[in-house]
Amino acid sequence: TRFPPEPSGYLHIGHVKAIMLNQFYAQHYKGKLLVRFDDTNPSKEKEEFEQSIVEDLRSLDVVPDMLSHTSDHFDLIFKYAVKFILEGNGYMD
């Protein structure tokens, strides 16, 4: 399962519900819980929010199997975007 918080604010009750469901399904089906910070809007994001989210997850006894950032994958995303466009399976406006 995947939980994609944007580090532009603190977690709220909706986030807590989502992460608890994701953790339940990951454990129930012997899967993995991936937390991927959706850091695609740098003008709103702060390290303070990311650290707060990590601390909140810890306080909820949520231990992700992997923690990453969308920006970690920009090169791969770009590569696939170009491929899809060249194949006629994507577009850019």
Side-chain angles (χ1 to χ4, degrees):
T1 62
R2 177 182 64 91
F3 178 66
E6 183 178 340
S8 61
Y10 301 106
L11 290 186
H12 55 69
I13 193 71
H15 289 119
V16 172
K17 176 185 167 190
I19 192 62
M20 298 306 285
L21 280 170
N22 276 276
Q23 178 174 259
F24 170 79
Y25 283 117
Q27 290 173 345
H28 183 75
Y29 292 105
K30 297 179 178 36
K32 294 185 185 267
L33 176 61
L34 311 176
V35 172
R36 185 195 71 216
F37 284 101
D38 193 9
D39 60 339
T40 57
N41 191 356
S43 65
K44 291 186 176 183
E45 295 153 10
K46 293 183 181 173
E47 179 69 24
E48 168 191 350
F49 297 134
E50 185 174 328
Q51 290 307 314
S52 174
I53 291 168
V54 169
E55 290 172 18
D56 289 346
L57 294 178
R58 193 176 307 120
S59 74
L60 294 166
D61 292 326
V62 173
V63 180
D65 294 291
M66 188 174 102
L67 194 140
S68 69
H69 298 79
T70 299
S71 61
D72 296 340
H73 308 283
F74 279 169
D75 290 339
L76 181 62
I77 293 167
F78 182 78
K79 177 182 150 188
Y80 277 109
V82 169
K83 178 182 185 291
F84 293 149
I85 291 167
L86 293 175
E87 292 174 347
N89 295 317
Y91 70 94
M92 187 170 122
D93 58 1

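Just so we're clear, the structure is a prediction, and the values are computed from it rather than from any experiment.
- For D75, there are no side chain to side chain contact (heavy atoms under 4.5 Å, CB included) partners two or more places apart in sequence or in a different chain.
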What pairs of donor and acceptor atoms, side-chain ones from residues 85-93 against any protein atom, are under 3.5 angstrom apart with sequence neighbours left out?
unit_1, atom_1, unit_2, atom_2, d
E87, OE1, N89, ND2, 3.3
E87, OE2, K83, NZ, 2.9

Checklist entry - Could you go step by step and tell me if M66 and K32 meet the side-chain contact (heavy atoms from CB on, under 4.5 Å) rule? => result CA-CA 8 Å; M66 188 174 102; K32 294 185 185 267; over 6 Å; no

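- Remark: I13 CD1 is loosely packed, at most 12 non-hydrogen atoms of other residues, nucleotides or ligands lying under 6.0 Å away.
- Of the inter-residue distances, the one linking T70 atom OG1 with N41 atom CG reads 11.5 Å to the nearest 0.5 angstrom.
- Contact detail for D38 and P4: the closest heavy-atom pair is CB-O, 4.1 Å.
- For F74, the CZ atom sits in a packed shell: over 12 heavy atoms of surrounding residues, nucleotides or ligands are nearer than 6.0 Å.
- Here the closest heavy-atom approach between residue S68 and residue H73 is recorded as OG-NE2, 3.8 Å.
- The main-chain N or O of S71 is found under 3.5 Å from a side-chain atom of D39 such that the two form a donor-acceptor pair.
- The backbone N or O of L34 sits nowhere less than 3.5 Å from a side-chain atom of D65 that would complete a donor-acceptor pair.
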Under 3.5 Å, sequence neighbours excluded: what are the donor-acceptor pairs made by side chains of residues 50-58?
unit_1, atom_1, unit_2, atom_2, d
E50, OE1, H69, NE2, 3.2
E50, OE2, H69, NE2, 2.9
Q51, NE2, E47, OE2, 2.7

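- Just one residue in the list M20, H15, Q23 forms a side-chain contact (heavy atoms from CB on, under 4.5 Å) with F3, and that residue is H15.
- In this structure, the side chains of F37 and P5 come closer than 4.5 Å at one or more pairs of heavy atoms.
- Both V16 and V35 belong to a common hydrophobic cluster when Ile, Leu, Val, Met, Phe, Trp and Tyr are linked at side-chain heavy-atom distances under 4.5 angstrom.
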Checklist entry - What's the verdict on side-chain contact (heavy atoms from CB on, under 4.5 Å) for L33 and I19, showing C-alpha distance, side-chain angles and the deciding distance? => result CA-CA 9 Å; L33 176 61; I19 192 62; 4.1 Å; yes

